[in-house]
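Below is one structure, written out as structure tokens; comments come after it.
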Protein chains: 2
Amino acid sequence: MDDWDRMTLATDVVLMTVADGELWVLLHRRPHDPQAGKWALPGVFVAYPESGEQAVLRALRDKAGLAFDGHLERLDWSWEAGRDPRGWVGCVTYLALEEPATLRAAIGGAPGVALARVAVPWAGETGGPVIVEISGRATRPAFSHAEIIAASIKRLRGKLRWTDIGLALMPPTFTLSALQRTYEVVLGEPLNRITFRRLVRDSLGLIEPTGLLQEDVNHRPAELFRRGRNG
Amino acid sequence: MDDWDRMTLATDVVLMTVADGELWVLLHRRPHDPQAGKWALPGVFVAYPESGEQAVLRALRDKAGLAFDGHLERLDWSWEAGRDPRGWVGCVTYLALEEPATLRAAIGGAPGVALARVAVPWAGETGGPVIVEISGRATRPAFSHAEIIAASIKRLRGKLRWTDIGLALMPPTFTLSALQRTYEVVLGEPLNRITFRRLVRDSLGLIEPTGLLQEDVNHRPAELFRRGRNG
DNA sequence: ACAATAGTGTCTATCAGACACTATTTG
DNA sequence: CAAATAGTGTCTGATAGACACTATTGT
């Protein structure tokens, strides 16, 4: 086997959430070269024999102080000769989703860690560049991380209608209106209220009623739901 | 970089075609250990700085004597500690599609190379095991190659309705009936004739009429089409 | 009573699929 | 003319979306 070339494997994780009608992604400020000082996706090299998922959890812990426990899926991988002068480097990217309250509480005010707002100027699954803002200021993330974030949104939009992936962005209980708002933020377009409710409630087992009602709202309280058997 | 573990990267390619109402996949008989004598997907180790696609073309040339020129896309990637005693090995799989006449002519009667029939006992994109037959005899391919073939069919079925991928299985000119039969073989279910024609002809630019008619058929000859601008 | 949002019954426009028909070739 | 497949006009059933309405809370 020693006569074969060997690759070093790196990971990057796009941890996204939806809050306040916006999409957010977790970035950290790189403390070391290359690209020290720039905002980047958390990532580490994979250390044999750990799995990619384990490497991602390690990255979130080491780079952002986060004990992640939400949705995690492999997004893409690439390797290209000549991109890195240090040799043959491959990169696996992961998409992670978390509910905003948990995420904000977990990162707290940790220095060098931020939730960046992501503006998506394209509709549907067209693809294209995205705008990343930290504290209202447009930022160009390190390496090609902006493209990776864009790819994550494309994947998320593609799976939203056909899978239960959207529930990974919701707190333990939620109203149908809140669920619809989250879907609309991800998709970047308004959805028909009646159709949305029909589809969600007809997907048997996706969500189930808790029997509880919203509280502390100055209008008719909505019914609260939680993830169902198949959600 | 030397303090990081490094991975050897292998490729496997699933080259499929549709002919005689059946799905076929290219296999070769492994001349060396491990698993010498078993039928397997063509594959090689990736030699830096070549790309995965280049490695696949090399595999098809070296293992099957084939100068491949058709549709080629990346299918999946996996690596797992402890699976290979020789160390850290990753494997990228590719899906390749070719029109049957070209493929049969290219491989001719080359020894140790065969087109294996694939029977798919599951409907839609359910997934599950497939049955691989060489010369009418059920065969268990080397390693986990049967699973990789099953994954290819799942991908192919998933993309058939939404992309132009099905055209990669057609000769330069073809009738709408022949195209529909190919779709039906891949999907494993009959399609509505009128709906199929409507969808295909309304996808502007997918296919275009040649103005020619079928010849040497003992019934009304059908119009011949070719891939269009967007096909 | 009014504002605000939740939730629903019913109509309509769209479209995939079914049917029935015509068209064109060989034998 | 019969057989075989190509190709099409029209009806129908399912469903996404629009509209209009009722329901329930706080102020």
Side-chain angles (χ1 to χ4, degrees), chain A residues 18-21 123-125 157-158 160-163 166 170-171 173-204 206-226 228, chain B residues 18-21 123-125 157-158 160-163 166 170-171 173-204 206-226 228:
Chain A
V18 171
D20 309 324
E125 292 170 61
R157 285 187 175 178
L160 204 62
R161 286 195 158 92
W162 308 103
T163 71
M170 302 305 293
T173 68
F174 49 86
T175 66
L176 291 184
S177 295
L179 184 61
Q180 178 173 352
R181 271 193 293 276
T182 298
Y183 271 61
E184 289 175 335
V185 169
V186 172
L187 294 173
E189 64 184 9
L191 298 175
N192 183 281
R193 190 162 59 111
I194 287 119
T195 309
F196 183 81
R197 297 174 100 86
R198 261 202 304 241
L199 292 182
V200 170
R201 301 207 65 160
D202 290 357
S203 319
L204 223 65
L206 188 70
I207 62 172
E208 56 187 27
T210 59
L212 301 174
L213 294 181
Q214 245 181 339
E215 290 181 10
D216 301 325
V217 286
N218 61 343
H219 54 73
R220 172 176 173 180
E223 196 175 356
L224 288 169
F225 291 82
R226 60 167 164 257
Chain B
V18 170
D20 309 324
E125 293 169 60
R157 285 186 175 179
L160 203 63
R161 286 194 157 94
W162 308 104
T163 71
M170 303 305 295
T173 68
F174 50 86
T175 66
L176 290 184
S177 296
L179 184 62
Q180 180 173 352
R181 271 193 294 276
T182 298
Y183 270 62
E184 289 174 334
V185 169
V186 172
L187 293 173
E189 64 184 9
L191 296 175
N192 182 283
R193 190 161 58 107
I194 288 122
T195 308
F196 182 81
R197 298 174 100 85
R198 261 202 302 239
L199 291 181
V200 170
R201 300 206 65 161
D202 290 356
S203 319
L204 221 65
L206 188 70
I207 63 172
E208 56 188 28
T210 61
L212 303 172
L213 293 181
Q214 246 181 338
E215 287 180 13
D216 303 322
V217 286
N218 62 342
H219 54 73
R220 172 175 172 181
E223 195 174 359
L224 288 170
F225 290 81
R226 62 167 164 257

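We use all heavy atoms of the structure for the numbers below, so side chains are in, but hydrogens, waters and symmetry mates are not.
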* To do: May I ask you to say what Ser177(A) touches in the nucleic acid, namely base, sugar-phosphate or nothing, with a heavy-atom cut-off under 4.0 Å?
  => sugar-phosphate
* Check: Glu189(B) and Arg157(B) side chains under 4.5 Å, non-hydrogen atoms -> no
* Under 3.5 Å donor-acceptor, Arg226(B) side chain and Glu208(B) backbone -> no
* Asked: Does Arg198(A) make a side-chain N or O approach to OP1 or OP2 of dT15(D) shorter than 4.0 Å?
  -> no
* **Close side-chain approach of Leu213(A) and Leu224(A), heavy atoms under 4.5 Å** => no
* Specify the residue among Leu176(A) and Pro221(B) whose closest nucleotide of DNA chain C lies further upstream toward the 5′ end. => Leu176(A)
* Any Asn192(B) side-chain N or O less than 4.0 Å from OP1/OP2 of dA18(C) -> yes
* Of Arg220(A) and Phe196(A), the one whose closest DNA chain D nucleotide lies more 5' -> Phe196(A)
* His219(B) has an atom NE2; how far is it from atom C1' of dT5(D), in whole Å? -> 5 Å
* Could you tell me whether Glu223(B) contacts a base, only the sugar-phosphate backbone, or nothing, with contacts defined as non-hydrogen atoms closer than 4.0 Å? => sugar-phosphate
* Check the angle between the aromatic planes of Trp162(B) and Trp162(A) and answer parallel, tilted or perpendicular using the 30° and 60° thresholds. => tilted
* Structure fact -> Separation of dA16(D) atom C1' from Leu191(A) atom CG, nearest Å, is 12 Å
* Asked: Side chains of Arg161(A) and Leu199(A): closer than 4.5 Å at any heavy-atom pair?
  -> no
* Mind calculating the distance between CZ (Arg181(B)) and C1' (dA6(D)) to the nearest angstrom? => 11 Å
* **Rounded distance in Å - CG (Leu199(A)) to P (dT15(D))** => 11 Å
* **Atom-to-atom span, CD1 of Ile194(B) to C1' of dC21(C) - whole angstrom** => 11 Å
* Asked: Hey, is the side chain of Arg193(A) poking within less than 4.0 Å of OP1 or OP2 on dA6(C), counting only N and O atoms?
  -> no
* Take atom CG of Asp216(B) and atom C1' of dA4(D), then tell me their distance rounded to the nearest Å. => 16 Å
* Spacing of Leu212(B) atom CG relative to dT24(C) atom C1', expressed in whole Å -> 17 Å
* Starting at CG of Leu213(A) and ending at P of dT24(D), how long is that distance when rounded to a whole Å? -> 11 Å
* Asked: Mapping Asn218(B) and Asn218(A) to their closest nucleotides on DNA chain D, which lands nearer the 5' end?
  -> Asn218(B)
